[in-house]
Amino acid sequence: MAEKRTINRRKFLGTAAGTVAGVLTLGSSVPASARAGKKEEKAGALITRTLGRTGYKLPIVSMGVMNADNPELVRRAYEAGIRHFDTAYGYQRGRNEEMVGRVLVEELKVRDKVVIATKINIRPPQRSLPAEEIKEMHRKMIDESLRRLQTDYVDILYSHDVSDPAWLKNPALIDSLLEIKEKKKTRFIGFSTHQNMNEVINTAMEMKIYDVILTTLNYSLFDYTEYLETLKAAAAQGIGLVAMKTQCQQAWYREAVPAEMRRFYEGPVIHSALLKWVVRHEFIATAVPGFTTFEQLHTDLPVASSLEYTEEEKKFLEDRLVKTQMAAVCRACGQCQPTCPKGVDIPNLPRAHMYAGSYGNLYQARETLDSLEAARSVQACSDCAVCAARCVRGVNIARRLDELKTLLA
Ligand code: SF4
Ligand code: SF4
């Protein structure tokens, strides 16, 4: 059975490469049909959707390049039909952008056939600097990103890691992004958000300047109706929605799987079920699951050609214990913060935990922690004999903090 699946995936990858050419439509105008929610179209083997007002028509599965360090994986992803590659200034100290540029621009020479998105980040402690300093930091980062990517422009430039609506509305940030857009160093602007997503996205909808939002969406949010409605409204407004962190909680899902059911849930079933759950929401134009291995590419890409759940996937998603576990996963709402006497940035700590525990990316975990003020990071916890912080959903914050300290020790 496993062998048959492997062969089919290889066949699929070979077929998709030949059928997706021409799917990508580059342009800056907004066709009337570009509104998200429009019935999806199939181009060859891959389902495509339009990324809001950008007009880009993309396969519903894209590549999160963040943890990848094998150029061959980027090449194979392109050859398999993926046309949207998501990287960031800070990933792998710049080597990630360099790899994307080397493979797509220098070697394959397909710059005009792909959508390249990158992110630049002013860390929270620096966000109160004078406006001119913030603008100058943005200018330097985008120029460095373009140099590494070997291109004159990116398609989407995100402000990275926005959880505070006040930062989204900061004139220095807005001026920086608009200046970069005016200078044609990016075609579209947006932001990524990992916590407090509902409030931040509602703010963006009022502002009407952000074209694309890269947001967290995974099965642990299945009952967060208010957030799902917000996403739907944002897409209806023409904002292109890209989903990230689509399968990142899988280690915790596995904890929930009863022993007698493990035969259903081992291997790719969890990955494909979780990814399908995300992209079955039509307001999501595309998702950027991270690929670090060929097996992950082979597991995730077929989701772009069929959104029907298999019986195994249905059983996994409907399993009562799995759903119960979902209710105990951090959804980054921030409601625990007032319960910590030291004001530790608790919602960001599970993200660092995820990078270290689920992705095995200790560098990114440390980067996440370093982006916080020391007084609000995990160091502040060292004086607490007992963690007083309480989660409204029952997440065991003390346990996650202990695991994080162990992972990063
Ligand atoms: S630990 Fe709980 S209260 Fe705190 S951000 Fe996560 S879900 Fe919200
Ligand atoms: S251990 Fe808990 S209560 Fe103490 S600083 Fe850390 S998060 Fe806050």
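We're numbering straight along the sequence, starting at 1. First listed ligand is number 1; within each ligand, the first listed atom is number 1.
Nearest protein heavy-atom contact of atom 3 (S) of ligand 2 is Ala388 N, 3.3 Å. Of all protein heavy atoms, the one closest to atom 4 (Fe) of ligand 2 is Cys384 SG, 2.4 Å. The protein atom (non-hydrogen) at minimum distance from atom 6 (Fe) of ligand 1 is Cys330 SG, 2.4 Å. Nearest to atom 7 (S) of ligand 1 among the protein's heavy atoms is Arg331 N, 3.3 Å. Looking only at heavy atoms of the protein, atom 2 (Fe) of ligand 2 is closest to Cys387 SG, 2.3 Å. Of the protein's non-hydrogen atoms, the one nearest atom 8 (Fe) of ligand 1 is Cys333 SG, 2.4 Å.
In summary, the atoms of ligand 2 found under 4.0 Å from a heavy atom of Pro341, numbered by their order in the structure, are 3 (S). Proximity to Ala389 (heavy-atom distance under 4.0 Å) selects the following atoms of ligand 2: 3 (S). For ligand 2, the atoms closer than 4.0 angstrom to any heavy atom of Val344 are 5 (S). Atoms of ligand 1 found under 4.0 Å from any heavy atom of Val392 (numbered from 1 in listed order, with element): 3 (S). Less than 4.0 angstrom separates some heavy atom of Cys336 from each of these atoms of ligand 1: 1 (S), 3 (S), 4 (Fe), 5 (S). Shown in contact with Gly334 at under 4.0 Å from a heavy atom are these atoms of ligand 1, numbered in order with element: 5 (S), 8 (Fe).
Side-chain contact check for Gln296 and Thr292: at least one donor-acceptor pair (N or O, by modelled atom type) lies under 3.5 Å. Side-chain atoms of Glu226 and Asn198 include a donor-acceptor pair closer than 3.5 Å.
Here Cys391 reaches atom 2 (Fe) of ligand 1: one of its N/O/S atoms is less than 2.8 Å from the metal. When distances to atom 6 (Fe) of ligand 2 are checked against a cut-off of 2.8 Å, Cys340 contributes no N, O or S atom below that limit.
Cation-pi geometry between Arg111 and Tyr153 is met: the NZ or CZ atom falls under 6.0 Å from the ring centre, inside 45° of the normal.
Using cut-offs of 30° and 60° on the angle between ring planes, the pair His298 and Phe294 is tilted.
In plain terms, the two heavy atoms of Asn396 and Arg399 that are nearest each other are OD1-N, 3.0 Å.
Salt bridge absent: Lys315 and Glu311 never bring a charged side-chain N and a carboxylate O closer than 4.0 Å.
A side chain to side chain contact (heavy atoms under 4.5 Å, CB included) with Leu274 is found for exactly one of Val303, Thr246, Leu317, Asn218, namely Leu317.
Environment of CD in Glu308: sparse, with no more than 12 heavy atoms of neighbouring residues, nucleotides or ligands closer than 6.0 Å.
Under 4.0 angstrom from ligand 2, the non-hydrogen atoms of Leu401 all belong to its side chain.
Aromatic ring centres of Phe188 and Tyr56: separated by under 6.0 Å.
Note that CG of Asn96 is 3.5 Å distant from OG1 of Thr87, once rounded to the nearest 0.5 Å.
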